Amino acid sequence: MSKVIDLSSENFQKEVLESKIPVLVDFWAPWCGPCRMMAPVLEDLAGEFDGQVQVAKIDVENPANQALAAQYQIMSIPNMKLFKNGQVIGELVGFRPKEELKKELQKQLGI
Amino acid sequence: MKYDLAIVGAGPAGLSASVYASRYGIKNVVIGGISGGLTTQTHEIGNWLGEQKIAGWEFAQKATEHAKSYGVEIKNFLADEIKKEGEGNFQIFLSNGEKIQARTILIALGSKHRHLGVKGEKELAGKGVSYCATCDGFFYKEKTVAVVGGNDSAAGAAVFLGNIAKKVFVIYRGEQIRCERFWRESIEKNPKIEVLSNTNIKEIVGKDKLEKLILDNPYQDKEELEVDGVFVEIGSEPNIELLKNLKVELDEDGYIKIGPDGKTSVKGVWAAGDITTGSNKFKQIITAAAEGAVAVADIQGFLKK
């Protein structure tokens with residue numbers, strides 16, 4: 001089963017802001033090519049960082065999620081934000097190959 | 001393991017080359033950050049034979065699956081370095097630390113978006129400055145946007161945004177945009193799209209997000225143009241950073257010079273697609289795919305020797 005959590009406005013608070021471990025949130029949409037290419041990369045990382053970093057994604061095309069996208073000022077996707085203790089501590093805009101994203105996560109979190 | 005052919009680049013040129021190589025029985029591997037390359041950012045493709053209309057990401061996915069169907073591995077990592085260690089012996093170092101050995105190399109690294117290079121562009125990237133209309137257009141529903149450029153990509157972006165935004169300005173430095181008639185007519189038909197010709201952007205202004213553009217040619221007597229988003233579509237330049245060690249011959253604009261068979265100036269190295277001088281810099285999927293095929297036909301002859 002996929003280790004990537006599907007986020008919505010309903011579970012965002014609990015899964016992201018109240019998470020005990022850092023969460024990498026991918027703001028994406030189905031029409032965005034680079035976002036689709038990002039999906040398998042995130043799946044892989046979710047497995048590799050299991051227990052250390054939670055990987056999650058939120059579909060910004062869904063009207064119910066658009067308030068969150070606006071709140072986090074998403075204007076370019078894929079947009080990945082790294083949350084720790086409810087705060088955004090890092091942001092990446094645009095497609096990243098797996099190793100680059102992995103390095104970035106390790107750097108940001110010192111792991 | 002040593003491959004017969006390492007294809008560096010996973011866009012249409014690289015994937016097409018892989019399909020041809022696999023069918024010839026050439027043991028090949030494809031290396032590229034994003035499978036499908038820049039096509040993943042194309043809104044809609046309408047000039048690829050056999051597909052009247054296909055979304056860029058869907059084309060990328062289908063092309064990737066096609067190449068993979070022959071059992072070829074596509075390594076979604078960037079190549080950090082390519083070294084020629086002697087006749088028929090190349091080494092490619094990948095960003096994940098892996099090292100790949102190959103007898104021949106096909107460079108299909110394509111091109112990357114050209115940036116405007118004006119003040120504010122870098123600072124506001126992702127905050128109103130975008131290089132992918134398909135990805136980000138949606139965030140500008142009923143807003144005002146500008147597209148910079150006058151080529152097919154710019155016109156395509158303007159038409160796409162014309163369905164979403166309240167108002168679309170096309171800012172072009174020349175007299176008349178130089179795109180396919182199909183795009184020009186689509187622009188003319190949409191009253192929401194307005195072309196500002198003979199105009200350049202001097203500066204992009206905004207604090208936390210884009211607020212306005214400063215133009216060198218006033219629009220309605222004002223140099224300032226208030227927009228929510230600006231999409232930069234001013235063409236592309238070849239991705240040649242990786243080629244320093246290989247020393248393949250480039251033309252004055254940095255494109256790899258190739259012969260009609262795809263050969264570069266370095267023995268054992270071929271090139272194909274948008275990065276080459278091969279198709280008059282037309283930069284189309286069909287020309288890239290064709291160059292990939294032509295190069296592999298020649299590589300096959302070389303490997304047989």
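Note that this is a predicted model, so its numbers are computed, not measured. The sequence lines fix the lettering, A, B, ..., with proteins before strands; numbering per chain opens at 1.
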Using only atom types and a distance under 3.5 Å, with no angle test, would you say the side chain of A/W31 pairs donor to acceptor with the backbone of B/C135? yes
Once rounded to the nearest 0.5 Å, what's the spacing between atom CE of A/M75 and atom CG of B/D228? 7.0 Å
Which heavy atom of A/I74 sits nearest to which heavy atom of B/F139, and what is that distance? O-CD2, 3.4 Å
Where does B/Y140 contact chain A at under 4.5 Å (heavy atoms): side chain, backbone, both or neither? side chain
Among the options A/R96, A/E100, A/R36, pick out the one with the most heavy-atom pairs lying under 4.5 Å from chain B. A/R36
The interface call for A/K103 against chain B, heavy-atom contacts under 4.5 Å, is side chain
State whether the number of non-hydrogen atoms from other residues, nucleotides or ligands found under 6.0 Å of A/E10 atom CD is greater than 12. no
Testing the basics here: between A/M37 and B/A60, what is the closest heavy-atom pair and its distance to 0.1 Å? CE-CB, 3.5 Å
If we only count heavy atoms from C-beta on, is the A/Q66 to B/F138 side-chain gap below 4.5 Å? yes
Based on non-hydrogen pairs under 4.5 Å, which of A/P97, A/P34, A/C35, A/C32 is most in contact with chain B? A/P34
Give a yes or no on this: more than 12 heavy atoms of other residues, nucleotides or ligands lie within 6.0 Å of atom CD of B/E142. yes
Given that the side chain runs from C-beta out, which part of B/N96 has a heavy atom under 4.5 Å from chain A: side chain, backbone, both or neither? both
Please assess B/K127 against A/Q73 for the test side chain to side chain contact (heavy atoms under 4.5 Å, CB included), listing each intermediate value before the final yes or no. CA-CA 8 Å; B/K127 294 170 181 162; A/Q73 298 196 329; over 6 Å; no
Determine all donor-acceptor pairs shorter than 3.5 Å in which one atom belongs to a side chain in residues 57-65 of chain A; sequence neighbours excluded.
residue	atom	partner	partner atom	Å
A/D59	OD1	A/E61	N	2.8
A/N62	OD1	A/A64	N	3.0
A/N65	OD1	A/S9	N	3.3
A/N65	ND2	A/D59	O	3.0

Counting only heavy atoms not in A/E91, do more than 12 fall under 6.0 Å of its CD? yes
Would the number of heavy atoms belonging to other residues, nucleotides or ligands and lying under 6.0 Å from CD1 of A/I21 be above 12? yes
Any side-chain heavy-atom pair from A/I77 and B/D136 closer than 4.5 angstrom? yes
Please determine whether the number of non-hydrogen atoms from other residues, nucleotides or ligands lying under 6.0 Å from atom CD of B/Q52 exceeds 12. no
